[in-house]
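Scroll down for the structure; my scribbles are underneath it.
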Amino acid sequence: MPELPDVETLARRLRRRLRGRRIRRVRVLTPSTIRHPDPATFSRALRGRRIVGVDRRGKYLLICLRGDLTLAVHLRMTGDFEITDSGAPVHRHTRVLFEMNGFHLRFIDLRRFGHMDLLTPRQLQRLPGLSTLGVEPLGPQFTRIRLREIVRGHRMGLKALLLRQDLIAGIGNLYADEILWQARLHPARATGTLREEQIAALHRIIRRVLDRAVRRLSRYGRAVGVFLDAREREGRCPRCHGPLRTGRIGGRTTFFCPRCQR
DNA sequence: CTTGTGCCCTGACCGC
DNA sequence: TGCGGTCAGGGCACAA
């Protein structure tokens with residue numbers, strides 16, 4: 001399930017391949033994937049258009065096009081882009097085909113939760129979910145002071161806070177668990193009870209976890225997190241070797257170590 | 001302000 | 001073997 005590091009890695013890969021390229025033709029295989037405009041208008045507007053860049057904002061992938069249009073894509077659970085030969089067999093879950101000169105860009109999404117919008121700058125500024133995104137955790141705005149403001153301004157559980165896209169953009173269920181485990185903080189811990197040095201540590205760890213994940217993903221194609229691995233295996237705590245506990249916190253399946261995380 | 005629930009969708013997995 | 005039920009998971013609407 002793509003979170004900030006996965007989307008960032010994908011954006012970098014696509015940027016290298018797509019920048020300066022022209023879209024020859026678009027085929028929408030699953031109409032419900034296109035939220036705006038209607039699929040026919042969508043395809044027509046993209047035909048012949050040149051890609052000028054690929055960016056990321058939160059978990060959104062932004063494909064920037066000539067003529068000030070942006071294709072805003074959310075991968076949700078299972079969405080992904082593949083670059084294939086034009087003649088390669090079309091995968092069963094392909095939702096949108098972008099025919100380029102000499103290759104295809106294909107949007108594949110098993111569960112069909114992913115979606116895309118083709119937008120003018122003005123529409124982009126108003127797109128719910130995108131325009132309301134909070135601070136970029138790897139950007140210069142995300143300072144310790146900023147995290148303190150966010151934490152002090154709310155009275156919810158820590159994990160619920162980390163998952164709030166309108167506060168901090170891009171953290172999902174897996175990295176939230178990894179971050180809280182590394183910070184030795186209980187996912188249900190009330191944000192208001194954090195001491196100043198715990199906020200500082202949390203700030204450092206958020207950046208470190210995400211930054212490392214981006215680097216490992218682009219290097220090995222797979223993020224290796226100490227806790228993520230244990231989480232996957234439903235194993236023991238890599239630190240104290242006690243049993244992990246699992247439960248639903250902030251509406252999400254949560255793994256944590258009841259002994260280490262307070 | 002907060003938490004909780006259902007919805008979207010499909011494949012994996014379970015018990016029978 | 002195959003059937004039906006359950007579940008995950010991001011984001012959103014909606015209710016409490």
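It should be emphasised that the depicted structure is a prediction, and the values quoted were computed from it without experimental measurement. A, B, ... follow the sequence lines: proteins, then strands. Residue 1 opens every chain.
OP1 or OP2 of B/dC8 has not a single side-chain nitrogen or oxygen of A/Arg112 nearer than 4.0 Å. Of the side-chain N and O atoms in A/His154, one or more sit less than 4.0 angstrom from OP1 or OP2 of B/dT2. Within the 4.0 Å cut-off from OP1 or OP2 of B/dG11, at least one side-chain nitrogen or oxygen of A/His93 is found.
Look at CZ on A/Arg248: it is 12 Å from C1' on C/dT6, rounded to the nearest Å. A straight line from CZ of A/Phe113 to C1' of C/dG9 spans 7 Å, rounded to a whole angstrom.
When the nearest nucleotides of DNA chain C are assigned to A/Thr132 and A/Leu174 by heavy-atom distance, the more 5′-ward of the two goes with A/Leu174.
Nucleic acid contact class of A/Met77 (heavy atoms, under 4.0 Å, all strands): base. Contact annotation for A/Arg76: base contact, defined as any heavy-atom pair under 4.0 Å involving a base atom. Counting non-hydrogen atoms under 4.0 angstrom, A/Arg252 reaches a base of the nucleic acid.
For A/Asn173, the listed nucleotide lying nearest its side chain is C/dG9; candidates were C/dG11, B/dT2, C/dG9.
Atom CD of A/Glu196 has more than 12 heavy atoms from other residues, nucleotides or ligands within 6.0 Å.
Note: A/Phe142 and A/His203 have tilted aromatic rings, judged against thresholds of 30 and 60 degrees for the angle between ring planes.
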